[in-house]
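A note on names: the letters A, B, ... follow the listed sequences, proteins ahead of strands, and every chain is numbered from 1.
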Amino acid sequence: MTALSEIKERFRPALANLTADVEAALAMIRPAQDAKFGDFQANCAMSLAKPLGKAPRELAQQIVDSIQLNDLCEPPEIVGPGFINLRLKSDWLEALVQKLVGDERIGCDSVAEPKTVVVDYSSPNVAKPMHVGHLRSSVIGASLCHILRFAGHKVISDNHIGDWGTQFGMIIFGYQNFVDRAAYEADPVGELARLYRLVNQLADYHDAKQKLPQLDELIATAEARITAAEQSGEEPKSLKKTLKKLRGDLDGLRETRQSTESKIRAVDSDESLAALATEYPNIARQARDETAKLHAGDETNRRLWDEFLPECLKALDAVYQKLGVTFDRTLGESFYQPLMADVVADLKSSGLASDSEGAVCVFIEGNDAPFIVQKSDGAFNYATTDLATIRYRVNEFSADAMLYVVDTRQSEHFKLLFETAKRWGYDGVDFRHVNFGTVLGDDGRPFKTRSGDTVGLESLLDEAVSRAYDVVIENDPNGELDEDTRRNVAQAVGIGGIKYADLHHNRESDYVFSWDKMLARTGDTAAYIQYANARTNGIFRKGGIDRKSLRQTNSKIILSHPSERALVLQIQSFGDVISSILTELRPNLLTQFLFETANSFSAFFRDCHVLNEEDESLRTSRLLLCDLTSRTLRLGLTLLGIDAPERM
RNA sequence: GCACCCGUAGCUCAAUUGGAUAGAGCACCGGUCUUCGGAACCGGGGGUUGGAGGUUCGAAUCCUCCCGGGUGUACCA
């Protein structure tokens, strides 16, 4: 229970008499935006008044009069157009906190109806090393799993890895033609990654060469259009617009041409690459053929796949270990291959899918592009896999809900997927595309290295830890921490910093990646919250106080100072925050809560002495608050997937 | 062309989904310290929420138009 949930229950019967949609009205009872308005505010009177033909303030008074709040709040105030301002009575708040100090869940109730939720996140392609693009999916997905599980749901986290796509054909082809045995023996995954890049580069090269003349043609046409428009005698206003559009197109084409050219130049300027390019003019098709052979059950390719895959998985595991992310299942695309033909046959026989231009498609009205479940060459694609996956998850796990923590750019795919799945019979499943924005560099473009490559995730994590280690040393000039502790703190602060930076942004927006902000010694960072927690630990260490037995004393909580009151008011809202996250799936609500909690603690710590407090009962009460704060911070960080070092 | 998204302080981002005077962090300026842990705390300046209309008790949020930017768009995932 939280104060807010209790207030809502008191309001419920009164509001039920006034509206059919009680939940909507209850949702308008909220924490006060400003402390001067009290602790909570009910904003429902204004919107309810109109349909009832009443004056809002009058209605507010009527609501207040019909509710029993004496024990809970000071007399409510009706202000402005009809706000109802509520302030908790101190003894009620003290009694509430009294329960929290002995409660591992910090007042957060388990959900009444636990659901089976499959969370699909991270999902890298095993053929290429993980990069910064996988960060958000992994971090947000893992955090949502923790939170859903904590709330009482049955959660199955699933890493839907790409282990069957066209990229694998590239590796196989590369391995058969270009492998460096010694390098492969020493570091199989490193060599496979090199082969992938090589084949990809050569394929891109030929593709670029082929496209260049077309591009030049397009550019010429675009230029001609601009000239024509300029001479068309169009009205100035609309001409300006037309020109702007045309010039934008032209710029885009030129940019494409430039990158196309540089791909060609990169190969041409390297003698051995150029030779390979000449030797393998059809490398893209050859790689595709290897993929097709693999899918068709070719023995050699299957054997290679069996050989490569465990190595790739091992490499992924190493990254996940550094990141501190785990999965219940790792069921990749290959796992669903045996089910694919049935899926398509089923869709066809039920009339959902039909042939079009040689491909098997599901058409959803209102969408231009069809949902292609089988390509014209007979191969299946990710749409097919995703449908097979849905069927499997419902059959095997009895999934009630599926969350897909995937880049927002794939929203159309999921729109079509969910719609198709519903028509296919899975309309009882709660599908959610938990979309997120792109990680940008400080130039506002997707985060890349200086040379234009994507940033490898593993090196990113290593750098974070190493930078954090430098900060740890800097902050510990007297060497109070031993080397092991230093390393642990660096790990927690570095990895935690990356995660926190990611999670504290609203997941739907893009954000700019910044080392300085993530690991800053000041501000809204993981380190700030970890530090607040470490400070509370310091108090118990210094006081030689055993926290377990402290909790068992069951001493009375005394709120003698506004900062104490503010701190507990903040902490008791933990359950409200968790329940918001359950519906909105936004971990940034939790980072915000933790930052505010750490802030409130700092104020409390400044204003209220703990160890030096002479009044024994007040001292114990404050120690209990320190313990409660620390447990809240630790639990919150854990739910984000961030470690909370004992000291730092 | 069509569809979707975004534009908030110098910078990076919030804003409980229509609530009261739009908030944080960074940066900048000024302050706190015989430190229960200074990786801390307090104060200050900084805004026509891209622009113009509209809807209503009330708009950053909803509607229309305009300006600026991004993404996706038939067989990659």
Side-chain angles (χ1 to χ4, degrees), chain A residues 27-28 30-34 36-37 41 43 46-47 49-50 55-56 79-83 85 123 125 160 162 165-167 241 244 333 356-361 366-377 379-383 385-386 406-413 415 435 437-438 442 444-445 471-472 474-476 480 493 501 504-506 508-512 514 516-517 520-525 527-528 530-532 534-539 541-543 576-577 580 584 586 588-589 591-592 595-596 598-599 602-603 605-613 622 626 647-648:
Chain A
M28 299 175 88
R30 301 172 179 165
Q33 193 181 320
D34 191 316
K36 75 180 172 213
F37 298 134
Q41 56 183 38
N43 303 338
M46 283 91 81
S47 54
K50 185 157 231 183
V79 190
F83 294 103
N85 289 343
S123 310
N125 200 308
H160 190 75
T166 42
Q167 300 80 351
K241 205 175 161 183
K244 182 157 195 174
E333 292 169 345
S356 170
E357 296 180 26
V360 182
C361 305
N367 293 279
D368 289 345
F371 195 54
I372 296 175
V373 293
Q374 186 169 21
K375 302 196 284 183
S376 51
D377 65 1
F380 304 116
N381 62 2
Y382 72 133
T385 321
D386 281 351
V406 179
D407 195 304
T408 202
R409 281 173 289 201
Q410 291 188 40
S411 48
E412 266 144 42
H413 167 70
K415 200 172 136 206
N435 60 322
T438 311
D442 49 19
R445 316 238 56 186
V471 176
V472 171
E474 209 178 302
N475 280 294
D476 181 29
E480 286 171 34
V493 170
H504 107 276
H505 292 96
N506 184 332
E508 293 186 75
S509 43
D510 298 346
Y511 77 92
V512 176
S514 159
D516 292 344
K517 270 176 204 137
R521 281 181 295 265
T522 62
D524 186 359
T525 61
Y528 176 79
Q530 289 166 326
Y531 178 67
R535 283 168 101 188
T536 63
N537 296 333
I539 294 168
R541 199 164 40 241
K542 175 153 185 180
D576 298 328
V577 171
S580 299
E584 297 180 34
R586 283 174 23 190
N588 66 313
L589 297 176
T591 62
Q592 197 178 328
F595 181 67
E596 283 162 7
N599 247 329
S602 289
F605 195 63
R606 174 195 67 221
D607 296 333
C608 303
H609 283 252
V610 181
L611 291 176
N612 316 349
E613 176 54 51
R622 286 177 177 169
C626 289
R647 56 189 299 182
M648 56 190 279

Review point. CG/A:Asp386 to CD/A:Gln410 distance, rounded to the nearest 0.5 angstrom?
Key: 8.5 Å
Point to revise | Closest to the A:Phe83 side chain, choosing from B:rU12, B:rG19, B:rA14 | key: B:rG19
Review point. How far, in whole Å, is B:rC28 from B:rG1 if one measures between their C1' atoms?
Key: 48 Å
Study note, to complete from the structure: A:Ala532 and A:Ala598 have their tightest heavy-atom pair at CB-CB, 3.8 Å
Study note, to complete from the structure: A:His505 has its side chain closest, among B:rU12, B:rU71, B:rU16, to B:rU12
Review point. Mind checking whether A:Ile372 and A:Asn381 have side chains closer than 4.5 Å, heavy atoms only?
Key: yes
Check your understanding: OP1 or OP2 of B:rC57 sitting under 4.0 Å from any side-chain N/O of A:Lys50?
Key -> yes
Review point. Taking only side-chain nitrogens and oxygens of A:Ser47, does any of them come within less than 4.0 Å of OP1 or OP2 of B:rU56?
Key: no
Practice item. Pick base, sugar-phosphate or nothing for A:Gln41, based on heavy-atom distances below 4.0 Å to the nucleic acid. Key: base
Study note, to complete from the structure: Winner on side-chain proximity to A:Glu584, out of B:rA77, B:rA14, B:rU17, is B:rU17
Review point. Taking atom P in both B:rU35 and B:rG30, what distance in whole Å separates the two?
Key: 25 Å
Exercise for review: Evaluate the ring planes of A:Phe371 and A:His413, with Trp represented by its six-membered ring, and classify them as parallel (under 30°), tilted (30 to 60°) or perpendicular (over 60°).
Suggested key: tilted
**Study point:** Phosphate contact (B:rA15 OP1 or OP2) by A:Asn506 side-chain N/O below 4.0 Å
**Key:** yes
Practice item. Taking only Lys NZ, Arg NE, NH1 and NH2, and the carboxylate oxygens of Asp or Glu, determine whether A:Arg521 and A:Glu474 approach each other closer than 4.0 Å. Key: yes
Practice item. May I have the distance from A:Glu508 (atom CD) to B:rC13 (atom C1'), rounded to whole angstrom? Key: 15 Å
Review point. C1' atom, B:rU61 versus B:rA14: distance in rounded Å?
Key: 14 Å
Point to revise | Residue A:Phe595, side-chain heavy atoms: nucleotide from B:rG25, B:rG19, B:rA77 that is nearest | key: B:rG25
Exercise for review: Check the distance between B:rU73's P and A:Phe371's CZ and give it to me in whole angstrom.
Suggested key: 14 Å
Exercise for review: Please name the pair of heavy atoms, one in A:His505 and one in A:Asn588, separated by the smallest distance, quoted to 0.1 Å.
Suggested key: O-CB, 3.6 Å
Exercise for review: With sequence neighbours excluded, tell me which residues meet salt bridge (Lys or Arg N to Asp or Glu O under 4.0 Å) with A:Arg409.
Suggested key: A:Asp407
Study note, to complete from the structure: When A:His504 and A:Ala369 are each assigned the nearest nucleotide of RNA chain B, the 5'-most assignment goes to A:His504
Point to revise | Identified stems (criterion: three or more consecutive Watson-Crick or G-U pairs, under 3.5 Å), RNA chain B | key: B:1-7 with B:67-73, B:10-13 with B:23-26, B:28-32 with B:40-44, B:50-54 with B:62-66
Exercise for review: Quick one: classify the glycosidic conformation of B:rU64 as syn or anti, with syn meaning within 90° of 0.
Suggested key: anti
Point to revise | Heavy-atom closest contact (A:Lys517 atom, A:Thr525 atom, distance) | key: O-CG2, 3.3 Å
Study note, to complete from the structure: Nearest-nucleotide check on RNA chain B, A:Leu589 vs A:Tyr382; residue mapping nearer the 5' end is A:Leu589
Review point. What does nucleotides 34-45 of chain B look like as a protein-contact string, B for base, S for sugar-phosphate only, - for none, at under 4.0 angstrom between heavy atoms?
Key: --BBSBSSS---
Review point. Given atom NZ of A:Lys415 and atom P of B:rA3, what is their separation to the nearest angstrom?
Key: 11 Å
Check your understanding: B:rU16 P sits how many Å from A:Glu596 CD, rounded?
Key -> 13 Å
Practice item. Determine the interatomic distance between C1' on B:rG25 and the same-named atom on B:rU71; round to the nearest Å. Key: 28 Å
**Study point:** Between B:rC6 and B:rG23 - P atom distance, rounded Å
**Key:** 22 Å
Review point. Which part of the nucleic acid does A:Tyr511 contact within heavy-atom distance under 4.0 Å: base, sugar-phosphate only, or nothing?
Key: sugar-phosphate
Study note, to complete from the structure: Separation of B:rC11 atom P from A:Asp442 atom CG, nearest Å, is 14 Å
Review point. What nucleotide among B:rG25, B:rA3, B:rU71 has an atom nearest to a side-chain atom of A:Arg409?
Key: B:rU71
Exercise for review: For the side chain of A:Gln592, starting at C-beta, report the closest nucleotide among B:rA14, B:rU21, B:rA74.
Suggested key: B:rA14
Review point. Reckon A:Pro370 touches a base, only the sugar-phosphate, or nothing at all at heavy-atom distances under 4.0 Å?
Key: base
Check your understanding: Looking only at atom C1', what distance separates B:rA52 and B:rC5, rounded to whole Å?
Key -> 22 Å
**Study point:** Ring geometry between A:Tyr528 and A:Phe595 (parallel below 30°, tilted from 30 to 60°, perpendicular above 60°)
**Key:** tilted
Revision key, fill the gap. dist A:Asp476:CG -> A:Met648:CE (nearest 0.5 Å) comes out at 11.0 Å
Check your understanding: Using atom C1' of each nucleotide, how far apart are B:rA60 and B:rU8 to the nearest Å?
Key -> 7 Å
Practice item. Grab the CG-C1' distance between A:Asp386 and B:rC76 for me, whole Å please. Key: 13 Å
Exercise for review: May I ask you to say what A:Thr438 touches in the nucleic acid, namely base, sugar-phosphate or nothing, with a heavy-atom cut-off under 4.0 Å?
Suggested key: nothing
Practice item. Pick the P atom in B:rG10 and in B:rG19, then give their distance to the nearest Å. Key: 25 Å
**Study point:** Atom-pair distance (CG on A:Asp510; P on B:rG7), nearest Å
**Key:** 11 Å
Practice item. Provide the closest heavy-atom pair for A:Ile539 versus A:Leu611 in the form atom of the first, atom of the second, distance. Key: O-CD1, 3.7 Å
Exercise for review: Identify which nucleotide among B:rU17, B:rC76, B:rG25 has an atom closest to any side-chain atom of A:Arg586, counting heavy atoms from C-beta outward.
Suggested key: B:rU17
Review point. Looking at CE of A:Met28 and CZ of A:Phe83, how far apart are the two atoms once the value is rounded to the nearest 0.5 Å?
Key: 9.0 Å
**Study point:** d(CZ, A:Phe380; P, B:rA77) in whole Å
**Key:** 12 Å
